[in-house]
Amino acid sequence: MTKPLKLKLEVNGKTHEVSVEPRVTLLDALRDHLHLTGSKKGCDQGQCGACTVHVDGERVLSCLTLAAQVEGRAITTVEGLRPDGGDLHPVQAAFLAHDAFQCGYCTPGQIMSAVACIKEGHAGSDAEIREYMSGNLCRCGAYPHIVAAVREAKEAMAS
Ligand code: FES
Ligand code: FES
């Protein structure tokens with residue numbers, strides 16, 4: 001077994017010390033070491049988007065990112081969108097209002113991607129939302145509701 005690395009991960013505004021093998025992904029560090037299970041493991045090979053989190057405000061696939069690569073950077077998971085248990089983030093509220101999920105497995109990744117998509121300025125039309133959310137797959141086919149939720153959340157975040 002390879003000698004573990006001691007890392008300091010900044011997750012949702014808090015510093016966590018973890019001891020992990022160098023090969024451990026950010027997704028596994030979050031789920032198995034920090035017990036933040038909001039980020040989902042779908043394919044574990046960069047194909048589905050269920051594991052999407054933000055690193056320094058940009059969306060990344062945590063299954064393709066080593067934990068060691070992001071030491072000292074600001075990591076945000078779906079749990080961090082309302083860290084103090086306050087109001088839902090506008091994207092979360094819009095997903096609820098539009099019933100933008102069925103089984104919910106893809107939903108945390110969809111929400112993290114949607115927050116970034118809006119902040120990137122890539123939610124200007126339904127076609128643009130579909131294009132820039134295309135890395136997030138939904139096996140339940142909730143796509144029309146997801147697009148409607150992103151459209152509404154964009155308006156809410158602008159106001
Ligand atoms: Fe990371 Fe599917 S679990 S892209
Ligand atoms: Fe089931 Fe998207 S809601 S996979």
Side-chain angles (χ1 to χ4, degrees), residues 2 5 7 9-12 16 18 20-82 88-120 122-123 125-157:
T2 317
L5 296 173
L7 302 176
L9 297 179
E10 312 285 332
V11 184
N12 301 332
H16 300 266
V18 292
V20 294
E21 286 184 54
R23 64 179 176 84
V24 167
T25 64
L26 175 58
L27 179 60
D28 286 343
L30 291 169
R31 290 180 57 85
D32 299 341
H33 293 263
L34 302 183
H35 308 295
L36 291 169
T37 54
S39 308
K40 301 301 183 210
K41 185 181 282 191
C43 64
D44 207 20
Q45 53 183 338
Q47 301 288 324
C48 74
C51 64
T52 305
V53 301
H54 297 173
V55 174
D56 292 339
E58 298 198 354
R59 44 184 161 170
V60 303
L61 297 173
S62 60
C63 73
L64 292 187
T65 305
L66 294 175
Q69 285 176 282
V70 292
E71 185 176 32
R73 297 173 68 188
I75 299 156
T76 308
T77 68
V78 72
E79 291 92 341
L81 289 185
R82 61 190 285 248
L88 291 177
H89 186 283
V91 173
Q92 293 174 309
F95 267 64
L96 273 180
H98 287 273
D99 211 11
F101 46 82
Q102 196 175 103
C103 77
Y105 201 81
C106 72
T107 310
Q110 300 278 4
I111 287 174
M112 295 310 285
S113 230
V115 171
C117 177
I118 294 166
K119 285 192 178 157
E120 290 159 10
H122 289 141
S125 66
D126 287 5
E128 196 177 28
I129 292 168
R130 279 193 206 96
E131 173 69 21
Y132 282 89
M133 292 288 294
S134 63
N136 290 80
L137 305 184
C138 175
R139 64 190 168 182
C140 300
Y143 297 113
H145 297 245
I146 292 169
V147 171
V150 177
R151 195 191 316 126
E152 181 182 288
K154 181 199 160 203
E155 301 303 324
M157 286 169 71

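Read the numbers this way: they start at 1 and go in the same order the structure lists the ligands and their atoms.
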**Message:** For the CZ atom of F95 and the NE2 atom of H145, what is their distance to the nearest 0.5 Å?
**Reply:** 11.5 Å
**Message:** Nearest 0.5 angstrom please: H33 NE2 to L9 CG, how far?
**Reply:** 10.0 Å
**Message:** With rounding to the nearest 0.5 angstrom, report the OG to CZ distance, S125 to R130.
**Reply:** 8.5 Å
**Residue pairs, two or more places apart or on separate chains, that pass salt bridge (Lys or Arg N to Asp or Glu O under 4.0 Å) and touch residues 43-70** = K41-D44, D56-R73, R59-E120
**Request:** Could you tally the protein N/O/S atoms lying less than 2.8 Å away from atom 2 (Fe) of ligand 1?
**Result:** 2
**Request:** Determine yes or no for a side-chain-to-main-chain donor-acceptor pair under 3.5 angstrom, with T77 supplying the side chain and V53 the backbone.
**Result:** no
**Request:** With rounding to the nearest 0.5 Å, note down the distance linking CG in L34 to CG in D28.
**Result:** 11.5 Å
**Message:** Suppose the cut-off is 2.8 Å; which protein N/O/S atoms would you list for atom 2 (Fe) of ligand 2?
**Reply:** C106 SG, C138 SG
**Item:** Of E128, E131, M133, M112, the residue whose pairing with C117 passes side-chain contact (heavy atoms from CB on, under 4.5 Å)
**Value:** M133
**Request:** Please list, chain by chain and in numerical order, all residues satisfying side-chain contact (heavy atoms from CB on, under 4.5 Å) with E10, sequence neighbours excluded.
**Result:** T15
**Request:** Rounded to the nearest 0.5 Å, what's the gap from NE2 on H16 to CD1 on I75? Could you check?
**Result:** 9.0 Å
